[in-house]
Chemist: 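A single structure is presented below for examination.
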Amino acid sequence: MLYGLVDANNFYVSCERAFQPRLEGKPVIVLSNRDGCIVARSNEAKALGIKMGKPLFECKELIEAHNVQVFSSNYSLYGDMSRRLMSTLTHFVEEVEVYSIDEAFILADGYEGVYPSIRGLGSAIRQTADQWLRLPVSIGFGLTKTLAKVANRLAKARPELEGVCVLDTPGAISQALEEYPVGDLWGVGGRYAGMLKRNNITTAAQLRDAPDDWIRQFMTVNGLRLVHELRGTPCKLLELSQPARKSICSEPGFGQLVPDLETLTDALTSHLSRCCEKLRKQDLLCGSVTVYLKTNRHRKTPGNGLPVKPYYNSVTVELPHPTSSTPALLKYAISGLKSIFAFGYNYQKVGIMLTDLVPFHYRQKGIFVEGPNEKMIQLSAVVDKINHRYGKDKLRLASQMYNPDWPMKLAYLSPKYTTRWEDILEVK
DNA sequence: TCTGGGGTCCTAGGACCC
DNA sequence: TCTGGGGTCCTAGGACCC
């Protein structure tokens with residue numbers, strides 16, 4: 001039995017390319033929400049030295065000099081392509097864990113009769129993803145999820161493997177781990193990588209051979225699980241059903257600095273509406289709401305170079321009973337915002353987080369307080385339906401002003417090829 | 001002289017993931 | 001001028017209980 005990790009290469013870029021073949025072979029990048037940072041790059045863009053997470057404006061010159069093709073995030077398209085990719089996988093294996101928008105773990109077991117080898121299974125998946133979706137994917141197989149991750153990265157890095165890497169023998173595993181930088185392991189971020197380096201651990205093999213007590217002490221039980229997985233003992237199993245969400249949040253920036261409570265309330269209403277839609281879509285109720293407010297930490301005062309008066313504050317308001325009604329939650333959110341608002345700052349973000357989530361069917365009426373207002377919840381569901389049909393925010397609360405001056409930065413958006421009738425390609 | 005020994009719950013902070 | 005937006009898990013320490 002082997003774990004497999006199927007990962008779409010440069011996923012967002014590949015989604016754009018699937019519908020615009022002229023982008024093949026050219027440097028392409030995709031931006032974060034509101035066109036702020038670079039979140040996906042084609043191999044050609046990577047080769048130019050365009051870094052992940054860099055703000056767009058810092059790369060302007062490089063982009064113009066090399067005619068890099070730029071796209072805003074088109075989540076309708078990426079989400080739909082992701083769903084199609086995951087459903088393609090179920091044609092090959094029974095057990096699929098959707099791990100992220102572009103990755104899935106699979107369990108490859110008992111397919112020897114169908115495919116000549118595990119490599120054969122991998123190649124078949126790759127070929128089908130290309131044929132059905134025009135998505136390039138890489139596949140790694142290993143004794144554990146962590147080893148499958150390692151194999152996946154090798155499949156991407158070594159062209160001679162043709163997108164499929166199998167680590168199923170002690171020799172192959174050891175050799176791979178001896179050359180594998182410890183910082184590239186799943187579960188080792190910048191902090192741990194630095195700490196490990198100071199202790200002369202630079203390869204995955206050295207980490208695998210470190211004493212358990214030491215790992216436990218400095219990397220907690222998560223580190224210990226990682227080490228056991230490297231040794232071939234599965235500690236992270238396939239999660240076939242999506243675990244219930246524990247929180248839902250929204251904290252997009254404004255794209256400009258905001259000093260007044262009125263505009264903050266407007267933004268808060270908009271974020272909350274978004275969160276509540278997610279909440280209802282997942283059939284959940286929310287028991288408490290946290291609001292936070294912050295200034296821009298990047299902004300510096302000219303002259304001394306110190307950050308402009310920073311401010312951060314947050315407040316959590318518990319609801320008398322869980323609800324998913326937008327107006328009901330908004331009342332508490334706005335009272336929270338008022339309690340932490342301070343004059344004299346230019347705010348960059350107002351964020352909102354819904355926590356204490358419970359499934360809708362758990363709702364119960366309190367003994368001394370009224371239960372969730374069923375009519376208000378039904379009303380919100382109707383609003384969702386109407387907005388789904390006629391467009392985002394067609395129906396909205398009055399405190400969410402309609403402000404056409406706000407620059408909605410999505411300058412490079414591609415059509416929603418697969419989810420909007422008007423955007424479907426025509427074949428002539 | 002000698003000053004108990006269990007628990008639970010909550011929060012903040014730190015690490016990580018895509 | 002312009003700097004992403006979601007999530008998860010673990011631990012230590014404090015408050016409180018009997």
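By convention in this document, chain letters (A, B, ...) are assigned in the order of the sequence lines, proteins followed by strands, and residues within each chain are numbered from 1. Since this is a predicted model, take the numbers as computed values, not measurements.
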Chemist: What does A:L185 touch in the nucleic acid at a heavy-atom separation under 4.0 angstrom: a base, only the sugar-phosphate, or nothing?
Modeler: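 Sugar-phosphate, backbone atoms only, no base.
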Chemist: Hey, are A:R158 and A:E179 close enough for a salt bridge, meaning a charged N less than 4.0 Å from a carboxylate O?
Modeler: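 Yes, this pair counts.
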Chemist: Taking the P atom of each, how far is C:dC18 from B:dT3, in whole Å?
Modeler: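 Those two atoms are separated by 25 Å.
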Chemist: For A:K246 and A:Y12, find the nucleotide of DNA chain C closest to each by heavy atoms; which residue's nucleotide sits nearer the 5' end?
Modeler: A:Y12
Chemist: Under 3.5 Å, is there a donor-acceptor pair linking the side chains of A:S247 and A:T355?
Modeler: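 No, A:T355 and A:S247 have no side-chain donor paired with an acceptor closer than 3.5 Å.
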Chemist: 5' to 3' on DNA chain C, which nucleotides open and close the contacts with chain A (atom under 4.0 Å from a heavy atom)?
Modeler: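 The footprint of chain A covers C:dC2 to C:dT11.
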Chemist: Run the side-chain contact (heavy atoms from CB on, under 4.5 Å) check on A:F360 and A:Q282 step by step: do they pass?
Modeler: CA-CA 9 Å; A:F360 182 72; A:Q282 296 173 45; over 6 Å; no
Chemist: Answer with base, sugar-phosphate or nothing: what part of the nucleic acid does A:K54 contact at a heavy-atom distance below 4.0 Å?
Modeler: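 Nothing, no heavy atom under 4.0 Å.
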Chemist: Here's a test of your reading of the structure: between A:N222 and A:C37, which maps to the more 5' nucleotide of DNA chain C?
Modeler: A:C37
Chemist: Is the cationic atom of A:K294 (NZ for Lys, CZ for Arg) positioned less than 6.0 Å from the six-membered ring centroid of A:Y312 and within 45 degrees of its normal?
Modeler: no
Chemist: For residues A:S100 and A:D102, is any side-chain donor paired with an opposing acceptor at under 3.5 Å?
Modeler: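 Yes.
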Chemist: Reading 5' to 3' and counting Watson-Crick or G-U wobble pairs with both distances under 3.5 Å, write the dot-bracket notation for DNA chain B, | for bases paired outside the strand.
Modeler: ....||||||||||||||
Chemist: Considering every strand and a 4.0 Å limit on heavy-atom distances, what is the contact class for A:R216: base, sugar-phosphate, or nothing?
Modeler: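 Touches sugar-phosphate only.
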Chemist: Is the ring pair A:Y347/A:F341 parallel, tilted or perpendicular, if the boundaries are 30 and 60 degrees?
Modeler: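 Tilted, since the angle between the ring planes falls between 30° and 60°.
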Chemist: Give a yes-or-no answer on whether the side chains of A:Y3 and A:E97 include a donor-acceptor pair shorter than 3.5 Å.
Modeler: no
Chemist: Only pairs under 3.5 Å count here: list side-chain donor-acceptor contacts from residues 147-154 of chain A, not counting sequence neighbours, and write none if there are none.
Modeler:
{"from": "A:K149", "atom 1": "NZ", "to": "A:E103", "atom 2": "OE1", "distance (Å)": "2.7"}
{"from": "A:N152", "atom 1": "ND2", "to": "A:L5", "atom 2": "O", "distance (Å)": "2.8"}
{"from": "A:N152", "atom 1": "ND2", "to": "A:S138", "atom 2": "O", "distance (Å)": "3.0"}
{"from": "A:R153", "atom 1": "NE", "to": "A:Y180", "atom 2": "OH", "distance (Å)": "3.3"}
{"from": "A:R153", "atom 1": "NH1", "to": "A:D184", "atom 2": "OD2", "distance (Å)": "3.4"}

Chemist: Using a heavy-atom cut-off of 4.0 Å across all strands, would you classify A:S73 as base, sugar-phosphate, or nothing?
Modeler: nothing
Chemist: Contact class for A:K60 vs. all strands (heavy atom < 4.0 Å): base, sugar-phosphate, or nothing?
Modeler: nothing
Chemist: At 4.0 Å (heavy atoms only), tell me whether A:D102 reaches a base, stays on the sugar-phosphate, or touches nothing.
Modeler: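 Contact class for A:D102: sugar-phosphate only.
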Chemist: Looking only at side chains, do A:D80 and A:Y78 share a donor and an acceptor under 3.5 Å apart?
Modeler: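 A:Y78 and A:D80 do not have a side-chain donor-acceptor pair below 3.5 Å.
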Chemist: Contact class for A:I248 vs. all strands (heavy atom < 4.0 Å): base, sugar-phosphate, or nothing?
Modeler: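 The answer is sugar-phosphate, as A:I248 gets under 4.0 Å only of primed atoms, P, OP1 or OP2.
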Chemist: Give A:G53 one of three labels, base, sugar-phosphate or nothing, depending on what nucleic acid heavy atoms sit under 4.0 Å from its own.
Modeler: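 No contact.
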